[in-house]
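In listed order, ligands and their atoms are each counted from 1. Along the sequence shown, the residues carry numbers beginning at 1.
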Amino acid sequence: MTILIIATHDRPDWWARELERLAPEADIRVWPDIGNPDEVEYVLAWRPPHGALAALPNLRVVFSLGAGVDHLFSDPDFPAHVTVSRVVDPYLTAGIREYVLLHVLRYHRNQPALDQQQRDRVWDDRARELRQADEQTVGILGLGELGRDSAEALAALEFDVAGWTRSAKDIPGITCFEDRGGLDAMLARSRILVCLLPLTPETEGILNAELFSKLPKGAYLINAARGGHLVEGDLIPALESGRLAHATLDVFRTEPLPADHLFWDHPQITVTPHNAAITDPRSVAKQIVGDIARDRKGELLPNTVDTSLGY
Ligand code: NDP
Ligand code: OXD
């Protein structure tokens with residue numbers, strides 16, 4: 001059994017070490033040293049070069065090394081018959097939860113303005129006028145593995161939480177909206193908007209001027225999903241007109257974010273380097289080895305992606 005690791009932006013050596021430990025019988029290869037392509041049945045992939053997977057005629061399963069699979073489906077030659085499995089892992093979920101809580105609390109406590117006041121040596125008594133958490137409305141785009149967990153963590157802190165999904169949901173403590181018809185109502189109530197959608201043709205560019213205009217004036221944006229969700233050219237005008245107060249961005253259309261990009265030093269933007277959550281090979285490699293054993297017994301894999309939906 002041959003497993004190929006194509007982790008062009010990740011650390012292929014971590015994955016190789018874990019697989020060698022967990023599956024000593026397997027032949028582990030690391031891109032670009034693929035050997036005979038006919039022998040490769042399983043690939044662990046993060047942003048594989050376009051065409052690389054199509055060149056493996058006996059490929060059975062591609063394991064995305066992240067929760068998102070847009071990096072696979074953006075390949076025009078992606079082999080449609082292959083099973084795609086993605087990461088669903090408690091450490092990844094915890095990373096996103098921490099990121100969302102950190103930045104929602106930062107906005108809730110008005111911290112960006114306080115940071116500026118400290119730089120300006122201003123003691124402003126109005127800073128003592130804080131909302132209660134149950135007066136703070138948070139809207140989450142996407143209530144999947146990650147969005148639902150973050151929504152529940154915020155609700156446990158008493159925030160007034162709503163979420164938006166493709167299919168109808170009923171989640172205790174969360175006000176649920178669905179489909180295009182439900183989006184405007186969710187936006188209208190969301191002072192803090194968090195994006196945790198997968199990147200698909202339906203969600204590409206969803207964070208745009210029209211969407212911003214439907215949020216309460218002075219709303220906050222947190223995008224921990226994909227850079228392709230944001231129409232970058234719409235963000236700075238929205239911030240500078242006061243339509244949005246501040247944005248926290250973990251993901252970008254071009255990563256790493258180019259050194260001359262305007263987002264880096266904009267006072268109303270917080271940039272983080274796509275580190276909201278990191279796939280931990282110590283935990284995920286074990287799941288992948290288990291899934292390969294399942295596949296060899298002809299069983300279905302638990303985290304298989306619906307290729308028709310693209311997530
Ligand atoms: P899931 O597939 O579990 O959940 C996706 C959610 O988005 C579902 O609730 C789904 O609705 C909803 N959704 C999808 N398409 C639409 C649509 N067209 N309209 C409305 N709702 C829609 O994904 P995860 O929660 O596991 O991950 C979400 C994304 O987070 C990943 O795809 C990835 O891009 C990003 N991510 C970022 C990380 C980072 O470090 N910054 C780390 C990990 C992930 P429904 O429930 O009805 O299907
Ligand atoms: C992921 C990511 O999709 O790290 O898991 O962005």
Side-chain angles (χ1 to χ4, degrees), residues 7-11 44-47 62-74 84-100 102-103 139-153 161-171 174 176-187 193-207 211 222-230 248-253 255-257 270-281 283-284 287-288 302-311:
T8 53
H9 292 64
D10 208 330
R11 298 263 314 267
L44 276 58
W46 183 246
R47 299 183 184 166
V62 180
F63 293 94
S64 168
L65 293 181
V69 289
D70 49 292
H71 67 108
L72 300 174
F73 295 143
S74 60
V84 178
S85 174
R86 71 189 193 99
V87 173
V88 175
D89 182 64
Y91 289 125
L92 193 83
T93 305
I96 290 288
R97 184 193 315 136
E98 289 167 8
Y99 190 87
V100 170
L102 170 68
H103 293 287
I140 304 192
L141 299 170
L143 292 175
E145 290 292 335
L146 304 177
R148 179 177 177 149
D149 174 86
S150 289
E152 289 176 336
V161 186
W164 180 67
T165 51
R166 201 177 45 77
S167 55
K169 296 273 181 296
D170 181 8
I171 304 176
I174 314 295
C176 295
F177 297 89
E178 78 263 5
D179 211 5
R180 284 281 154 180
L183 181 58
D184 289 3
M186 196 200 72
L187 295 174
L193 184 73
V194 180
C195 181
L196 283 172
L197 289 167
L199 184 63
T200 66
E202 286 74 45
T203 64
E204 207 279 334
I206 191 169
L207 303 174
L211 177 141
I222 299 170
N223 185 16
R226 282 293 180 266
H229 289 123
L230 176 66
T248 293
L249 308 175
D250 187 51
V251 285
F252 304 90
R253 285 187 181 253
E255 294 181 5
L257 186 64
T270 295
V271 167
T272 55
H274 198 150
N275 76 339
I278 307 297
T279 302
D280 187 332
S283 165
V284 174
Q287 289 183 34
I288 291 175
N303 301 318
T304 299
V305 169
D306 181 339
T307 46
S308 67
L309 292 176
Y311 72 98

**Item:** Contact check: Leu65 vs ligand 2, nitrogen or oxygen atoms, below 3.5 angstrom
**Value:** no

**Exercise: do Thr279 and Tyr91 side chains pair donor with acceptor under 3.5 Å** = no

**Message:** So, 4.0 Å and heavy atoms of Lys169: is ligand 1 close enough to count as a contact?
**Reply:** yes

**Prompt:** Measuring from Leu230:CG to Glu204:CD, what's the distance to the nearest 0.5 Å?
**Reply:** 10.0 Å

**Asked** With a 4.0 Å cut-off on heavy atoms, does Glu178 reach ligand 1?
**Response** no

**Request:** Quick one: look up the protein heavy atom nearest atom 2 (O) of ligand 1 and list residue, atom name and how far away it is.
**Result:** Tyr311 CD1, 3.3 Å

**Distance filter under 4.0 Å to Arg226 heavy atoms, resulting ligand 2 atoms** = 1 (C), 2 (C), 3 (O), 6 (O)

**Item:** Under-4.0 Å heavy-atom contact with ligand 1, by part of Asp250 that carries it
**Value:** side chain

**Asked** Which ligand 2 atoms are under 4.0 Å away from a heavy-atom of Gly66?
**Response** 1 (C), 3 (O), 5 (O)

**Asked** How about Leu146 and Val100: do any of their side-chain heavy atoms sit closer than 4.5 Å?
**Response** no

**Request:** Give yes or no for whether the N/O distance cutoff of 3.5 Å, strictly under, is met between Glu202 and ligand 1.
**Result:** no

**Request:** Would you kindly specify which portion of Arg166 sits under 4.0 Å from ligand 1, judged on non-hydrogen atoms: side chain, backbone, both or neither?
**Result:** both

**Asked** At under 4.0 Å between heavy atoms, which part of Arg86 makes contact with ligand 1: side chain, backbone, both or neither?
**Response** side chain

**Asked** Regarding Asp250 and Thr272, is there a side-chain donor-to-acceptor distance under 3.5 Å anywhere?
**Response** yes

**Message:** With heavy-atom distances below 4.5 Å as the criterion, would you say the side chains of Val251 and Asn223 are in contact?
**Reply:** yes

**Asked** When you measure from atom 1 (C) of ligand 2 to every protein heavy atom, which one gives the shortest distance, and what is it?
**Response** Ala67 N, 3.2 Å

**Prompt:** For ligand 1, is any non-hydrogen atom under 4.0 Å from Arg226's backbone (N, CA, C, O), its side chain (CB onward), both, or neither?
**Reply:** side chain

**Request:** Determine whether the side chains of His103 and Thr270 contain a donor N or O and an acceptor N or O closer than 3.5 Å.
**Result:** no

**Prompt:** Judged by atom type as modelled, is there a donor-acceptor pair below 3.5 Å linking the side chain of Ser85 to the main-chain atoms of Thr304?
**Reply:** no

**Prompt:** Which residue supplies the protein heavy atom nearest to atom 25 (O) of ligand 1, what is that atom called, and how far is it?
**Reply:** Leu146 N, 2.9 Å

**Asked** Can you tell me if Asp149 and Thr93 form a side-chain donor-acceptor pair at under 3.5 Å?
**Response** no

**Message:** Test your reading of the model: is there a side-chain donor-acceptor pair from Arg148 to the backbone of Leu143, 3.5 Å cut-off?
**Reply:** no

**Prompt:** Within the structure, does Asp70 bring an N/O atom to less than 3.5 angstrom of an N/O atom in ligand 1?
**Reply:** no

**Asked** Among the heavy atoms of Ala224, does any lie under 4.0 Å from an atom of ligand 1?
**Response** yes

**Prompt:** Who gets closest to atom 2 (C) of ligand 2 by heavy atom: His71, Arg86, His274, Glu255?
**Reply:** His274

**Prompt:** Is any N or O atom of Leu92, backbone or side chain, closer than 3.5 Å to an N or O atom of ligand 1?
**Reply:** no

**Request:** Would you check if Leu193 and Leu141 make a side-chain contact, meaning some heavy-atom pair closer than 4.5 Å?
**Result:** yes

**Request:** May I ask you to check if ligand 1 and Leu143 share an N or O to N or O distance below 3.5 Å?
**Result:** yes

**ligand 1 contacted by Leu197 (non-hydrogen, < 4.0 Å)** = yes

**Prompt:** Is a side-chain N or O of Arg86 found less than 3.5 angstrom from the main chain of Val69, in a donor-acceptor match?
**Reply:** no

**Item:** Close N or O approach (Gly68, ligand 2; < 3.5 Å)
**Value:** yes

**Message:** Does only the side chain of Thr203 get under 4.0 Å from ligand 1, or the backbone, or both, or neither? Count heavy atoms.
**Reply:** side chain

**Asked** Do Cys176 and Asp170 touch side chain to side chain, with heavy atoms closer than 4.5 Å?
**Response** no

**Request:** Answer with side chain, backbone, both or neither: which part of Ile96 has a heavy atom less than 4.0 angstrom from an atom of ligand 1?
**Result:** side chain

**Message:** Checking a contact table here: which protein heavy atom is nearest atom 4 (O) of ligand 1, and how many Å away?
**Reply:** Gly144 CA, 3.1 Å

